[in-house]
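Note sheet for the following structure.
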Amino acid sequence: MADVRVEKLRYRYGRHPVLKGIDLTVSDGECRVLFGANGSGKSTLLSILATRRRPRHGSYLLDGAVVIDDPELARSRLLYLGHDSHLYTHLTPLENLRFFSDLRRLRPSDAQLLEVVEKAGLARFAHRPVRSFSAGMKKRLALSRTLLVQPRLLLLDEPDSALDQQGIDWLNTLLIDYLNQGGTVIMASHSPERVAALPYTGHRMENGILAQAVQSELLPC
Amino acid sequence: MLRAAYRIAWKDVVGDFRRRATLSSMLFFAVAVLLVFQAAFEPDRSQALRLVPGLLWATVLFTSLVGLGRVFQAEEENGALEGLLLAPLPHGVIYFGKWWGNLALTVLVELFLTPVTLILFNVDAWDRLPAILGVLLFGTLGLTGLGVLLAALTQAARSRETLLALLLLPLAVPLLIAGVQATAAVLTDMGSPWPWLRLIAIFDVVYLVSAPWAFAWLVEE
């Protein structure tokens, strides 16, 4: 569903270079996982792909369109979940999803929102403010927005953090269904074991450089 | 986009009513300021007519600082501001939503504050109450418009309430002077309020046209 092309992407924080010429091409329906130590540049790359940061050098095309020329159009086609859940703690899950839908000019019915909350395993808490949720529950709710939006490109930064094994199984099912519908995923992870259920192609990132793609079955567990 | 801005404002107002935080703080602060001034001056009628315009605007200014200091409070949790910035919206729409929310709370305070001021200072000007409220609202448009931009600028700073006051007070002085003079003209029939209202209109237009652009530039990384 989404075609991502990144060429010679560079980014630095002040004088400190973080991305040193990233080249990445991801076609429709692919799942790419970035592995690497803390500080290797995974989150920075994802935040640039999400249009949260502008690259200092290089190009980024999404479905053939230059993203920095029209970041709003790019944001309408992708969904990004970083380390934060982007939820409002004084709102209930249903209200958070409704607010999120309004920002994207979607008009789901209350029944559709409730269905999303049920699929996230949070039906019992649908009318409770999110401030009472654990980190794992917030992560599930945040991830369930994928079901609402069905983006062309899903960008996830360590989505398995804060999730228990049941949550990880739920996440893997969500992502496999999404990929089977033609969605494209680029995600960061610390551990091949946690994404072992996904049909991914892995890249190792080190010191701002992206290594060659490696098929999932060839990555050491 | 108007709907998105409205929903952002709705979220803020609902959140404040649920937390009973900002609005109640603003109201208590306003009443405290009025009581202190009433006890300090105990003016007779002619003195009260001269005092009330400045007193009203000073109370509005300091009360609005209480509200502006919290305008991005809900976005501090769970990275919610990033979630807003990742929505497929021009970032200026976010500014308008935050502005409308803060404006709504400030206007609610003024609707309470103005009649209470007339009662406490024994000013018989009930027939002019709509006109006084009209002048206050007109000036509050620009005051809150500028204030929300400065709140965005200072939200990441350590002493942000102090910094916000240091930045807002000098920039708001021309607007406040015009507001006080217009209110005095309405209250006392001495002079015309229209030249001052025109000055307020100029400031409102300058602030509200430039602020969305400045906000969008501010939040870019």
Side-chain angles (χ1 to χ4, degrees), chain A residues 11-13 43-44 46-56 68 70-92 95-107 129-131 133 135 137-139 141-142 145 149 151-152 155 157 162, chain B residues 1-25 70-98 100-102 104-105 155-156 212-213 215-221:
Chain A
Y11 191 83
R12 66 176 191 275
Y13 291 107
S43 297
T44 302
L46 287 172
S47 67
I48 289 173
L49 295 179
T51 75
R52 209 35 215 111
R53 290 186 167 83
R54 284 181 167 237
R56 304 300 172 119
I68 60 169
D70 195 349
E72 276 170 55
L73 179 63
R75 290 196 290 264
S76 70
R77 295 177 177 177
L78 61 84
L79 183 63
Y80 169 75
L81 181 61
H83 294 286
D84 295 313
S85 61
H86 307 157
L87 297 169
Y88 286 93
T89 56
H90 64 282
L91 299 180
T92 66
E95 288 169 338
N96 266 287
L97 291 176
R98 173 66 68 195
F99 178 71
F100 176 77
S101 302
D102 281 336
L103 295 184
R104 289 182 167 260
R105 301 186 197 96
L106 300 172
R107 304 276 187 271
V130 167
R131 80 166 61 85
F133 283 23
M137 292 164 72
K138 287 178 189 172
K139 186 60 73 93
L141 181 59
R145 288 185 290 210
V149 173
R152 299 159 73 89
L155 300 167
D157 196 347
Chain B
M1 287 195 207
L2 276 179
R3 182 183 168 94
Y6 164 74
R7 291 293 290 168
I8 292 170
W10 169 90
K11 167 193 65 64
D12 284 355
V13 173
V14 162
D16 193 76
F17 275 95
R18 284 186 189 170
R19 284 192 301 255
R20 296 183 193 87
T22 307
L23 184 61
S24 51
S25 301
R70 300 179 192 207
V71 77
F72 287 95
Q73 186 179 28
E75 275 74 27
E76 286 170 15
E77 297 168 320
N78 300 314
L81 180 59
E82 185 177 64
L84 275 183
L85 295 172
L86 286 166
L89 296 170
H91 291 152
V93 171
I94 299 170
Y95 165 82
F96 279 113
K98 301 302 284 183
W100 290 351
N102 184 257
L105 293 176
Q155 54 144 346
W213 300 100
F215 178 86
W217 177 82
L218 256 177
V219 296
E220 284 287 333
E221 288 198 36

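Below, chains carry the letters A, B, ... as their sequence lines are ordered, and counting in each starts from 1. The shown structure was predicted, so the numbers you read here are calculated from the model rather than taken from an experiment.
A:Pro129 pairs by the side-chain contact (heavy atoms from CB on, under 4.5 Å) definition with A:Arg131, not counting sequence neighbours. With sequence neighbours excluded, the residues forming a side chain to side chain donor-acceptor pair (under 3.5 Å) with B:Glu76 are B:Arg160, listed by chain and number.
There is no contact between B:Ile94 and chain A, counting heavy-atom distances below 4.5 Å. Residue contact with chain A, scored on non-hydrogen atoms closer than 4.5 Å, involves the backbone and the side chain of B:Arg7 alike. If you measure heavy-atom distances from A:Arg105 to chain B, the contacts under 4.5 Å come from the side chain alone. Only the side chain of A:Tyr88 has a heavy atom closer than 4.5 Å to any heavy atom of chain B. Residue B:Val93 does not touch chain A at all, counting heavy-atom pairs closer than 4.5 Å.
Within the 3.5 Å criterion, the main-chain N or O of B:Ala87 finds a donor-acceptor partner in the side chain of A:Arg75. B:Asp16 contributes no side-chain N or O that, together with a main-chain N or O of B:Asp12, makes up a donor-acceptor pair within less than 3.5 Å. A distance-only check finds no donor-acceptor pair linking the side chain of A:Asp157 to the backbone of A:His83 [under 3.5 Å].
For the 3.5 Å distance criterion, the side chains of A:Thr44 and A:Tyr13 qualify, holding a donor opposite an acceptor.
For the set A:Arg54, A:Lys138, A:Arg52, the entry with the most heavy-atom pairs within less than 4.5 Å of chain B is A:Arg52. Interface summary for chain B: among A:Arg53, A:Arg98, A:His90, A:Arg104, the most heavy-atom pairs under 4.5 angstrom belong to A:His90. Top candidate by heavy-atom pairs under 4.5 Å with chain A, chosen from B:Lys11, B:Arg18, B:His91, B:Glu75, is B:Lys11.
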